[in-house]
Amino acid sequence: MNGSAAVATTIFGLAMVATIGIGLWSARGRSKGLAEWSVSSRGLGVLFIWLLMAGETYTSFSFLGTAGWSYSFGAPILYLVAYLTVGFAVAYVVGPALWTYASRHSLISIADIAEFRFRSRPVGILVAVVATVFIVPYIQVQIQGMGVVVNAMTYGSVDLKVAAVISFVVAEVFILVSGLRGSAWVSALKDMLVIVAVVFLAVYIPAHYLGGVSDFMQRMVTEKPEWLTFPGHESGGRNAMWFLSTVVLNAVTITIFPTTVAGYLSAKSPNALRRNALLLPWYQLLLFVPMVVGATALFVMPTLGNPDLALFSLVTDSLPSPVVALIGVAGALSAIVPMSVFMLSIGTLWGRTILGGGNGADPRARSRVPGKGKPGDADDMRTKRLSQLVCVIAGLIALGGSLFYPNTLVELSVLSYEGLAQLVPVVLLALFWRRLTARAAVAGMLTGLAVMTALWATDNDPYHGVNGGIIALAANLVVLLAVVALAPGPGPAVPREDAARAAAKETR
């Protein structure tokens with residue numbers, strides 16, 4: 001190991017120790033129940049909600065994939081900023097609605113919400129399983145992304161597989177002890193490093209290699225114009241129609257993403273979510289920096305073998321090892337924070353809905369559900385331990401995939417947003433449309449999943465330029481509406497407290 005590698009590896013090691021320390025420290029003096037572990041007892045203010053949800057949007061893909069897409073395709077990568085920004089506008093309305101519903105009925109996940117809304121534990125279980133299938137690949141992507149980052153920042157001294165194991169251990173340690181609050185605190189360190197790193201790179205990389213941003217833009221216009229317009233450079237049909245359909249699909253889907261909902265439910269109030277929705281789009285401006293760096297690499301390293309290494313190739317080529325290490329730590333934490341929330345979300349989905357007997361809303365299963373009791377009592381702690389166990393198992397599955405089958409789950413991650421989009425009607429539409437029945441919601445969901453899978457399997461995604469996920473969601477809604485029209489059923493039973501509110505309204 002040479003001197004530069006030794007310095008970078010030492011800084012990385014110290015950063016991982018600090019990450020664990022911050023995560024564990026955040027749990028001191030907090031209650032030990034499921035609600036604290038899964039949604040921070042709904043007690044996070046605007047700052048920590050912003051840090052947590054910003055941490056989920058700026059992932060290892062932001063350092064690797066964003067620069068890689070910019071290097072390979074050009075303009076199509078702009079979908080990332082577009083859908084996140086539009087998604088936060090949608091979240092301004094959706095977030096408070098989900099928070100209010102979940103807070104009123106003590107719900108902690110999208111499966112919990114679906115089970116309670118339809119008074120059906122099977123619907124909750126189906127939502128939990130579908131969500132898990134499409135989240136586990138994301139965990140693997142973050143594990144492998146951290147492996148690439150750490151391997152690059154240590155000049156190849158830390159093996160990809162060793163880095164993958166380190167990321168799993170670090171994330172599991174603090175998420176098992178501190179839960180969502182630990183992720184929010186670690187996000188504070190991560191976001192500070194990310195902001196400093198990308199602002200520095202925005203100025204330094206174009207100036208160092210091309211004479212500044214203006215010269216960079218001039219060369220892009222004159223030498224690489226194909227990268228500046230749709231469909232970009234050899235992007236496989238990612239034209240303007242693909243861009244628009246993908247932005248619409250992802251902007252709606254991100255609002256019911258299990259990790260996003262965990263962030264919603266951890267807030268102190270709906271107003272905290274509204275303020276957060278106004279602030280978060282500004283954070284997405286940072287995504288333009290990896291795009292610029294990736295495009296700069298076109299002129300510096302035109303024959304780069306792995307486009308995803310565009311950013312770190314320029315960083316390691318031009319900067320001293322301590323600076324390389326700090327930028328690498330920012331990239332590593334950008335994998336660890338979302339990875340920890342993904343694992344926690346899966347644990348929460350399974351701990352209560354599948355293994356814990358549900359939330360008691362289904363009258364057919366009510367006799368088998370342990371009493372809700374108080375936070376921290378025996379039943380609550382049992383559900384929490386089950387959630388933590390699933391959290392570990394989900395992480396191990398993703399870790400095993402990254403070590404032994406690095407391409408299998410990653411291929412599935414391409415479909416993650418399209419698959420989770422099929423949950424939008426059962427989780428979100430159902431809250432606003434009381435006529436929607438469990439039968440219709442499930443029929444639509446299964447149809448959407450089948451259409452999405454068929455398009456992907458036959459290599460028809462995108463289909464004539466349209467994102468396959470939005471075609472599947474359209475089929476989902478058509479079937480759903482048909483079933484409601486042909487086989488209408490009674491609306492969901494109104495809980496006693498809701499009925500009392502409605503009666504009080506009528507007497508005013």
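Quick note: numbers below take in every heavy atom, side chains included, and nothing from hydrogens, waters or symmetry partners. On a predicted model such as this, the values are computed, not experimentally measured, just so you know.
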- [ ] First locate atom OG of Ser345, then atom CG of Leu180, and finally report the distance between them rounded to the nearest 0.5 Å.
- [x] 7.5 Å
TODO: For residues Trp37 and Thr383, determine if any side-chain heavy atom of one lies less than 4.5 Å from a side-chain heavy atom of the other.
DONE: no
- [ ] With the side chain counted from C-beta on, respond yes when Leu52 and Ser183 share a heavy-atom pair under 4.5 Å apart, and no when they do not.
- [x] yes
- [ ] Using a 4.5 Å cut-off on heavy atoms from C-beta on, say whether the side chain of Leu228 contacts that of Met220.
- [x] yes
- [ ] Quick one: pull up CD in Gln388 and OG1 in Thr348 and give me the separation to the nearest 0.5 Å.
- [x] 9.5 Å
Open item on the list: Suppose we call two aromatic rings close when their centres sit under 6.0 Å apart. Are Phe257 and Tyr417 close by that rule?
Closed with: yes
Open item on the list: Measuring only between side-chain heavy atoms, which start at C-beta, is Tyr71 closer than 4.5 Å to His233?
Closed with: no
TODO: Working to the nearest 0.5 Å, report the span between OG1 of Thr229 and CG of Asn239.
DONE: 11.5 Å
Task: Positive for side-chain contact (heavy atoms from CB on, under 4.5 Å) with Ile346, one of Ile397, Ile393, Ile139, Thr259 - done: Ile139
Open item on the list: I need the Met343 CE to Ile175 CD1 distance, nearest 0.5 Å.
Closed with: 7.0 Å
Task: Residue pair Asn276 / Tyr92, side-chain donor-acceptor N/O under 3.5 Å - done: no
Task: Gap between atom OG of Ser266 and atom CD1 of Ile49 - 0.5 Å precision - done: 3.0 Å
Open item on the list: Could you go through Arg238 and Phe243, starting from their C-alpha distance and side-chain angles, then the distance that decides it, and tell me whether this counts as side chain to side chain contact (heavy atoms under 4.5 Å, CB included)?
Closed with: CA-CA 7 Å; Arg238 292 179 173 89; Phe243 178 87; over 6 Å; no
Task: Crowding at CE, Met241 (>12 non-hydrogen neighbours, <6.0 Å) - done: no
Open item on the list: So Trp350 and Ser387, do their side chains get closer than 4.5 Å, heavy atoms only?
Closed with: no
Task: Close side-chain approach of Phe200 to Ile205, heavy-atom, < 4.5 Å - done: no
Task: Stepwise side chain to side chain contact (heavy atoms under 4.5 Å, CB included) test for Ser321 and Tyr155 - done: CA-CA 9 Å; Ser321 58; Tyr155 304 90; 3.7 Å; yes
Task: Validation row, ring centre Tyr79 to ring centre Trp242 under 6.0 Å - done: yes
TODO: Pick out which of Leu344, Ile110, Leu423 makes a side-chain contact (heavy atoms from CB on, under 4.5 Å) with Pro258.
DONE: Ile110
Open item on the list: Could you tell me if the side chain of Tyr264 sits less than 4.5 Å from the side chain of Thr255, heavy atoms only?
Closed with: yes
Task: Any residue meeting salt bridge (charged side-chain N to carboxylate O under 4.0 Å, His left out) with Asp308, in chain and number order, not counting sequence neighbours - done: none
Open item on the list: Are Phe134 and Glu418 packed together at the side-chain level, in the sense that at least one heavy-atom pair is separated by less than 4.5 angstrom?
Closed with: no
Task: Distance-only polar pair, side chains of Gln142 and Ser60, donor-acceptor under 3.5 Å - done: yes
Task: Reported CG-to-CE distance for the pair Leu160 and Met146, which is rounded to 0.5 angstrom - done: 11.5 Å
Task: Any residue meeting salt bridge (charged side-chain N to carboxylate O under 4.0 Å, His left out) with Glu223, in chain and number order, not counting sequence neighbours - done: Arg219
- [ ] For Ser178 and Trp185, test the side chains for any donor-to-acceptor distance below 3.5 angstrom and give the result as yes or no.
- [x] no
TODO: Take the angle between the ring planes of Tyr204 and His208 and call it parallel below 30°, perpendicular above 60°, tilted in between.
DONE: parallel
- [ ] Can you tell me which residue pairs pass the ring pair (Phe, Tyr, Trp, His ring centres under 6.0 Å) test with a partner in residues 290-328, sequence neighbours excluded?
- [x] none
